[in-house]
**Q** 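I have a structure here, written as C-alpha cells, and I will follow up with some questions on it.
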Amino acid sequence: MASRPHRRLGVLRSRVGRARGTAPDEAARSPEATARSATRRTLAWRLATPVVGLMSGALFVVSAHSSEGTDLRPGRFTDLASVVRYDASRVDGLKQRVADLRGQVSTLSGSVDNRQVRRLNEQAATLKDPAGLTPVTGPGITVTLSDAPQSTGQDTPDTVENPNLLLVHQQDIQAVVNAMWKGGALAVTIQGQRVVSTTGIRCIGNSVQLQGVPYSQPYRIQAVGDVTALSDAITDDAYLQVYRADAADPDINVGWDEQVEDKITAPAYDGLTDLQYAHVLPQDDSGN
C-alpha cells in the first residue's frame with residue numbers, strides 16, 4: 001500500500017513533462033547530449049540551405065533556357081484574336097531583324113571592290129523583279145473572301161447540309177490566287193503580303209497562316225495587272241464558279257466581293273528566301 005503515492009508521483013511527473021513538451025527521459029539528458037543534438041541540427045540546416053538554393057537556381061536557369069524569350073504561360077490568351085495579334089507582332093519583329101541584317105549584308109557587299117562580287121550583284125539585281133523582291137504598282141482587282149454571317153453563331157442553319165460551306169478555306173484563297181496568275185497578274189498579295197514562289201497558305205483552326213503569320217477573316221487578295229484579263233480569268237475558273245454560286249445562295253451566303261482598282265501597290269517580298277528541304281540519310285554497307 002505504501003507504493004501507491006510513489007506511483008502517483010511518477011504519473012504526475014510524466015504528465016508535467018508532456019505538458020512542457022519534453023519526455024521524462026529527455027529531461028534527464030545530460031548537457032553534453034543536448035549540445036550534440038543541437039550541433040547535428042545546426043549542421044543539417046547548414047547543408048540543406050545551400051542545396052535548396054542551388055536547386056532553385058537550376059530551375060530558374062532551365063526555365064529561362066526553355067522559354068527562349070517567349071511566354072511560358074500562354075493560358076493568358078483567352079480568345080483567338082489575342083493569339084493572332086501576339087504571333088503577328090512577334091513575326092513582325094523577326095522580319096524587321098531580317099531586314100536590318102539584309103541591309104548590313106548589302107552595305108558590306110557594296111563596299112567590296114571585287115570584280116566577281118560586282119558581277120554576282122548585277123546578276124542578282126536582274127532576278128529581283130521576277131522573284132517578287134521589288135514593289136509593283138498599277139491597276140488591278142481586289143477580291144475579298146469572308147465567312148458567312150451565320151457561321152459566327154452557335155447554331156448552324158438546318159438548311160445547310162455541310163457547315164464547311166459557311167467558312168473560307170485555304171483552297172478558296174489558293175483558287176483566287178491561281179486564277180489571278182492565270183490572268184497574267186504582275187504581282188499578287190494576300191492581306192498585304194507579297195505572294196512569291198515559296199509562299200504557303202495553311203488553315204490553322206479558324207485562321208489562315210501565310211508565311212508564318214496567322215490572319216483571321218476577311219481575306220483580302222489583290223492582283224496588279226490587266227483588269228480585263230484578270231476579271232475574265234476569275235470568271236472562267238471552275239472552282240470559283242462553285243464558290244460564287246454558294247455566295248449567291250441565301251442559305252449559305254459565304255462572303256465574296258470583287259472590286260476593280262485604279263491603283264494597287266504590291267510591296268516587295270521581305271521574308272526569307274532560303275529553301276528548306278529534306279535530305280536522304282546516308283546508308284552504310286549493309287544497306288541500313
Side-chain angles (χ1 to χ4, degrees), residues 88 91-92 95-96 98-99 102 106 121-148 167-204 207-248 253-275:
V91 171
D92 289 340
K95 288 171 64 177
Q96 183 60 44
V98 171
R102 281 182 175 173
S106 300
N121 285 336
E122 292 174 357
Q123 293 179 0
T126 60
L127 298 175
K128 283 186 175 181
D129 185 62
L133 301 180
T134 57
V136 177
T137 301
I141 285 181
T142 299
V143 173
T144 304
L145 307 180
S146 58
D147 296 342
L167 305 176
V168 178
H169 301 279
Q170 65 183 51
Q171 57 267 29
D172 303 329
I173 301 174
Q174 190 66 62
V176 175
V177 174
N178 290 340
M180 289 177 170
W181 286 129
K182 188 176 180 180
L186 302 177
V188 177
T189 64
I190 303 175
Q191 305 293 79
Q193 284 205 50
R194 186 73 172 268
V195 177
V196 295
S197 59
T198 57
T199 299
I201 305 172
R202 297 172 53 198
C203 268
I204 300 181
S207 63
V208 171
Q209 188 179 78
L210 177 66
Q211 295 167 174
V213 182
Y215 295 97
S216 56
Q217 60 98 25
Y219 305 107
R220 196 161 178 258
I221 310 165
Q222 293 184 304
V224 178
D226 183 84
V227 173
T228 302
L230 291 172
S231 180
D232 291 342
I234 293 173
T235 301
D236 296 339
D237 187 85
Y239 184 97
L240 294 181
Q241 288 177 359
V242 176
Y243 183 97
R244 296 172 76 174
D246 291 340
N253 197 25
V254 66
W256 171 274
D257 181 71
E258 181 179 343
Q259 299 290 333
V260 175
E261 308 283 353
D262 295 332
K263 183 179 179 181
I264 294 176
T265 298
Y269 174 72
D270 57 357
L272 298 176
T273 56
D274 296 336
L275 295 177

**Q** Which pair of non-hydrogen atoms, one from S231 and one from I141, has the smallest distance, and what is that distance?
**A** N-CD1, 3.5 Å
**Q** Calculate, to the nearest 0.5 Å, the distance between atoms OG1 and CG belonging to T134 and L127 respectively.
**A** 11.0 Å
**Q** For the side chain of R194 and the backbone of P267, is there at least one donor-acceptor N/O pair under 3.5 Å apart?
**A**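 Answer holds: yes.
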**Q** Between D172 and H169 (side chain of the first, backbone of the second, donor and acceptor by atom type, cut-off under 3.5 Å), is there such a pair?
**A**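 Answer holds: yes.
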**Q** With a 3.5 Å distance limit and no angle check, can you tell me whether E261 reaches the backbone of G140 through a side-chain donor-acceptor pair?
**A**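 Here the side-chain-to-backbone pair does not exist.
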**Q** Minimum heavy-atom separation for V254 to S146, with atom names?
**A** CG2-O, 3.4 Å
**Q** Is any side-chain heavy atom of Q217 less than 4.5 Å from a side-chain heavy atom of D147?
**A** yes
**Q** Compare every heavy atom of A187 with every heavy atom of V136, then report the nearest pair and how far apart it is.
**A** CB-CB, 4.0 Å
**Q** Show the numbers, then the answer: is there a side-chain contact (heavy atoms from CB on, under 4.5 Å) between W256 and L240?
**A** CA-CA 10 Å; W256 171 274; L240 294 181; 4.3 Å; yes
**Q** Any side-chain heavy-atom pair from C203 and V208 closer than 4.5 angstrom?
**A** yes
**Q** Going by salt bridge (Lys or Arg N to Asp or Glu O under 4.0 Å), name the residues that satisfy it together with D270, two or more places apart in sequence or in a different chain.
**A** K95
**Q** Treating Q241 as the side-chain partner and T235 as the backbone partner, does any N or O pair qualify as donor plus acceptor under 3.5 Å?
**A**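 Answer holds: yes.
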**Q** Are T144 and Q259 packed together at the side-chain level, in the sense that at least one heavy-atom pair is separated by less than 4.5 angstrom?
**A**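 In short, these two side chains do not touch, never coming nearer than 4.5 Å.
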**Q** Is there a side-chain contact (heavy atoms from CB on, under 4.5 Å) between Y243 and V176 once you walk through the steps?
**A** CA-CA 10 Å; Y243 183 97; V176 175; over 6 Å; no
**Q** Taking atom types as modelled, is there a side-chain donor on S207 or S216 under 3.5 Å from an acceptor on the other?
**A** no
**Q** Roughly how far, to the nearest 0.5 Å, is the CG atom of L145 from the CD1 atom of I190?
**A** 9.5 Å
**Q** What are the two closest non-hydrogen atoms of A268 and L133, and how far apart are they?
**A**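 What the structure gives for the nearest pair is CB-O, 3.3 Å.
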**Q** Return the CD1 to CD1 distance between I221 and I173, rounded to the nearest 0.5 Å.
**A**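 Separation between the atoms: 5.5 Å.
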**Q** Between V224 and T137, which heavy-atom pair has the shortest distance, and what is it?
**A** CG1-C, 4.1 Å
**Q** Got M180 and V143 here, is their nearest side-chain heavy-atom distance under 4.5 Å?
**A**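 Side-chain contact under 4.5 Å: yes.
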**Q** For a quick test of reading the model, state the closest non-hydrogen atom pair linking G183 to A229 and the distance between them.
**A**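 Closest pair (atom of G183, atom of A229, distance): O-CB, 3.4 Å.
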**Q** How many angstroms lie between atom CD of Q174 and atom OG1 of T199, to the nearest 0.5 angstrom?
**A**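 Rounded to the nearest 0.5 Å, the CD-OG1 separation comes to 9.0 Å.
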**Q** Could you note down all residue pairs passing side-chain hydrogen bond (donor to acceptor under 3.5 Å, both in side chains) where residues 218-229 supplies at least one of them, sequence neighbours left out?
**A**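 Pairs touching residues 218-229 that pass the test: T142-Q222.
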